[in-house]
There are 2 protein chains.
Amino acid sequence: MTTLLNQQPRYLQLAQTLINEIQAGKYGIGDLLPTEYDLCEQFGASRFTVREAVKRLVQMGLVDRQAGVGTRVRAQQAVSGYQQVMQQLGDLQQYTADTELDIVSRQTIEIDESLCGLLRATPGETWLRIEALRRSGDSPYPICVSEIYIHPAFRTIENVGSATHAPIYTLIERQFGEQITEVQQEIRAVNVTSAQARQLNVKARSAALWICRHYINRRGEVVEVAISTHPAERFSYSEKFQRDWRPV
Amino acid sequence: MTTLLNQQPRYLQLAQTLINEIQAGKYGIGDLLPTEYDLCEQFGASRFTVREAVKRLVQMGLVDRQAGVGTRVRAQQAVSGYQQVMQQLGDLQQYTADTELDIVSRQTIEIDESLCGLLRATPGETWLRIEALRRSGDSPYPICVSEIYIHPAFRTIENVGSATHAPIYTLIERQFGEQITEVQQEIRAVNVTSAQARQLNVKARSAALWICRHYINRRGEVVEVAISTHPAERFSYSEKFQRDWRPV
DNA sequence: AAGTGGTCTAGACCACAGG
DNA sequence: CTGTGGTCTAGACCACTTC
């Protein structure tokens with residue numbers, strides 16, 4: 001009893017069958033799945049194979065098991081989908097090591113109503129604003145223009161754009177002992193402004209990738225906001241997601 | 001050979017032994033661990049027990065394994081505390097539930113050289129190509145135009161664009177028992193083509209967000225490629241990353 | 001061709017939960 | 001007590017990598 005048809009291992013086929021049946025409602029939430037012995041008979045497989053299959057369902061959070069009781073359905077859909085494979089937060093800057101940050105301007109500004117939405121701040125706070133161009137050794141043209149806002153508590157930050165190539169949020173962590181626990185990122189397509197077009201050496205109103213990152217501490221406060229505008233042909237953003245149940 | 005002493009299952013004891021030896025430097029990073037057969041002899045255990053033990057090391061990220069090669073040490077310490085997770089809510093299709101897919105065309109096409117790079121296929125393969133517009137109930141204009149390529153093995157896929165609102169890769173998983181284990185995503189800014197401009201009801205050459213996703217199975221093969229082009233003002237892509245504080 | 005890990009079988013004994 | 005899942009053995013064949 002073997003087959004060329006499906007190249008997937010047997011236990012994954014069984015797992016998929018059970019997943020489908022759970023999603024189809026054949027077993028409702030709280031119900032017991034058939035016992036391992038039953039499944040062995042149903043599928044004509046050994047207990048090892050059946051257990052490997054059910055392990056997948058456990059890892060997906062669809063069922064839980066208890067010795068002496070059985071396998072109980074806990075959810076119809078996998079609780080979590082995909083996980084970003086990132087070793088370091090710094091992978092968000094996909095080029096940090098190879099590039100330099102040219103500071104164009106650095107000044108403190110008082111927040112007005114047009115900015116308080118973006119920074120989630122209240123008007124009147126005095127933040128640090130840094131404008132910069134990111135360059136790579138290879139090309140004469142900047143990769144992007146960046147607009148960085150830093151919370152008043154950290155506006156004395158030093159060594160921004162130094163030779164260290166370190167992302168700014170790591171400087172804040174190191175110089176002030178603040179810990180970034182969350183990063184929110186939004187990506188849009190935009191047309192560059194004429195000022196940006198001059199800085200970047202592209203045509204006015206050409207397409208660009210706009211990336212805005214909010215760096216947030218453990219109390220939920222915005223510590224830094226960085227907006228980067230990348231000319232379309234000079235940058236693309238790549239990421240990789242993997243199913244977060246273990247591949248064994 | 002039994003014992004009252006250690007109440008832990010045998011495979012956990014073996015795992016702990018191996019962890020200790022790796023941390024003690026008995027096996028350096030990059031080194032191969034003894035083969036399963038060797039470990040069976042060393043510990044006087046069956047292959048099942050040894051494999052259960054090594055699985056723990058894999059899950060901790062201490063080693064990885066490759067058939068035909070062996071088990072290689074990758075780290076001395078479990079990777080924990082500095083890993084970032086993607087919220088499952090920020091799932092890849094950030095809108096699937098609220099929107100519908102209008103199929104514009106569906107046809108099989110033979111891969112030529114211009115496509116084999118994108119699809120990581122060889123010329124001559126016959127893939128399914130679907131062109132579609134994604135619409136929301138709210139707006140008269142489409143959110144994006146999509147170009148979807150599906151591997152020959154799954155080109156008989158059914159119910160694409162049906163009322164289910166299910167992402168296409170989940171249809172492949174359900175209808176063929178194939179499991180997607182990895183998604184690679186690339187985001188660019190582009191100018192829409194004139195054909196796209198007509199479909200989307202925007203001005204020709206206006207800026208758009210270009211998102212290309214490769215859906216990959218466990219053998220590393222490309223199962224589906226989806227390219228979506230979103231007019232700048234109709235869509236932005238958001239993600240959230242958090243530090244992972246999970247004990248090991 | 002030899003050796004690796006990946007899959008799978010057909011048994012076995014155990015601790016535990018339930019009637 | 002019976003039946004459950006948890007652990008474990010001793011085999012086997014396979015796909016793959018390496019020589």
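Just so we're on the same page: letters track the sequence lines, and every chain starts at 1. Since this is a predicted model, take the numbers as computed values, not measurements.
In the set D:dG6, D:dT9, C:dG6, D:dG6 carries the atom at the smallest distance from any side-chain atom of A:R51. Distance from the side chain of A:T49 is smallest to C:dT9 among D:dC8, C:dT9, D:dG6.
Remark: C1' of D:dT7 and NZ of A:K55 are 11 Å apart, rounded to the nearest angstrom. Protein atom CG of B:L32 is 10 Å distant from nucleotide atom C1' of C:dT4, rounded to whole Å. Put simply, CD on A:E52 is 12 Å from P on D:dG6, counting in whole angstrom units. C:dT4 atom P lies 11 Å from atom CD of B:E41, rounded to whole Å. One atom, CG of B:L39, and another, C1' of C:dG5, lie 12 Å apart when rounded to the nearest Å. Separating the CZ atom of B:R72 from the P atom of C:dG5 is a distance of 11 Å, rounded to the nearest angstrom. The CG-P distance, from A:D64 to D:dG5, rounds to 12 Å in whole Å. B:E36 places its CD atom 12 Å from the C1' atom of C:dG3, with the value rounded to the nearest Å.
Taking side-chain N and O atoms only, A:Y37 has no distance below 4.0 Å to OP1 or OP2 of D:dT4. A:R65 has a side-chain polar atom (N or O) that falls below the 4.0 Å cut-off from OP1 or OP2 of D:dG6. Distances shown here put a side-chain N or O of A:T71 below 4.0 Å from the OP1 or OP2 atom of D:dG5.
Ring geometry for B:Y169 against B:Y215 counts as parallel: the plane angle stays under 30°, on a 0 to 90° scale with 60° as the upper cut.
Using a cut-off of 4.0 Å between Lys/Arg side-chain N and Asp/Glu carboxylate O, A:R74 and A:D64 are scored as salt-bridged. In this structure, B:E52 does not pair ionically with A:R51, as no charged nitrogen and carboxylate oxygen lie closer than 4.0 Å. A salt bridge between B:R129 and B:E224 is absent, with no side-chain N of the basic residue lying under 4.0 Å from a carboxylate O of the acidic one. A salt bridge is defined here as a Lys NZ or Arg NE, NH1 or NH2 lying under 4.0 Å from an Asp or Glu carboxylate O, and A:E178 with A:R219 meets this definition.
In terms of heavy-atom proximity, B:V63 sits nearest to B:I22 at CG1-CD1, 4.0 Å. The two atoms that bring A:V50 and A:A45 nearest to each other are CG2-CB, 4.4 Å, heavy atoms only.
A side-chain N or O of B:T122 and one of B:E125 form a donor-acceptor pair less than 3.5 Å apart.
In B:E113, the CD atom is not crowded: 12 or fewer heavy atoms of neighbouring residues, nucleotides or ligands sit closer than 6.0 Å.
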Distances under 3.5 Å between nitrogen or oxygen atoms of protein and nucleotides 15-17 of chain C:
none

Pairs: protein N or O with nucleotides 10-13 of chain C N or O, under 3.5 Å:
residue	atom	partner	partner atom	Å
C:dA12	N6	A:R47	NH1	2.9

